[in-house]
Amino acid sequence: MESIGVPLVALIRSLGPPLVVLAVGGVLLVRRRPVRARVMWAALAVQLAAAALPYAWLSLQAAAGLGRHYAVAPVMILVQPGAEALAWILALAAVTATAPPHRAGRERPAPETRSAGPGRNGASPDRHGRTDRAVPQGPPSTRT
């Protein structure tokens, strides 16, 4: 990193916290699947990209041979805070998202509930009209 005029300690100080947030957030996202997990992954990635943006810009300038490092200022002043704001908006959208509503009548019922209705003793008949429960035997007075 010294080739672009940035000490390694500065790089670690600025990229360390976003990397820790990405690691901890990734563990939490894997263990507890939130409703909008992909949006939260995007927020974590954008936050890391925003932290790395000045260094990427300096590296691009060094690779292109521009030699002047003061041109990084517009990136740090304008683009990096915009990327940070986008990361926070994505995180807020992921946290405030609710579960998608269940569409009544559009989902297919489970196979055990796809019958014509309850048969004798509350048992559901199969397609031949037979029930899966045994019908109690005995006089009608003992049936409940």
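Just the heavy atoms: all of them, side chains too, but no hydrogens, waters or symmetry mates, feed the values below. Quantities reported herein were computed from a predicted structural model and do not represent experimental measurements.
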**Q** Rounded to the nearest 0.5 Å, how far does CG of L44 lie from CG of L90?
**A** 10.0 Å
**Q** Give a yes or no on whether L48 and L86 share a hydrophobic cluster (residues Ile, Leu, Val, Met, Phe, Trp, Tyr; joining criterion: side-chain heavy atoms under 4.5 Å apart).
**A** no
**Q** Looking at side-chain heavy atoms only, is the closest gap between V21 and Q47 below 4.5 Å?
**A** yes
**Q** Which atom names give the shortest non-hydrogen contact between P18 and S14, and what distance separates them?
**A** CD-O, 3.3 Å
**Q** Taking all non-hydrogen atoms of both residues into account, name the closest pair between T96 and L92 and its distance.
**A** OG1-O, 2.8 Å
**Q** Who else is in the cluster with I89 when I, L, V, M, F, W and Y are joined by side-chain contacts under 4.5 Å?
**A** none
**Q** Without swapping roles, check the side chain of Q80 against the backbone of A50 for a donor-acceptor pair under 3.5 Å.
**A** yes
**Q** For L29 versus P34, what's the shortest heavy-atom pair and its separation?
**A** CD2-CG, 3.4 Å
**Q** To the nearest 0.5 angstrom, please state how far the CG atom of L22 sits from the CG atom of L15.
**A** 11.5 Å
**Q** For the hydrophobic clusters of this structure (ILVMFWY residues joined by side-chain heavy atoms under 4.5 Å, transitively), does one cluster hold both V46 and L53?
**A** no
**Q** For residues A94 and V39, report the shortest heavy-atom separation together with the two atoms involved.
**A** CB-CG1, 3.9 Å
**Q** If you group Ile, Leu, Val, Met, Phe, Trp and Tyr by side-chain heavy-atom gaps below 4.5 Å, do V30 and L19 land in one group?
**A** yes
**Q** Hey, quick one: are L8 and Y55 part of the same hydrophobic cluster, counting side-chain heavy atoms closer than 4.5 Å, chains of contacts allowed?
**A** yes
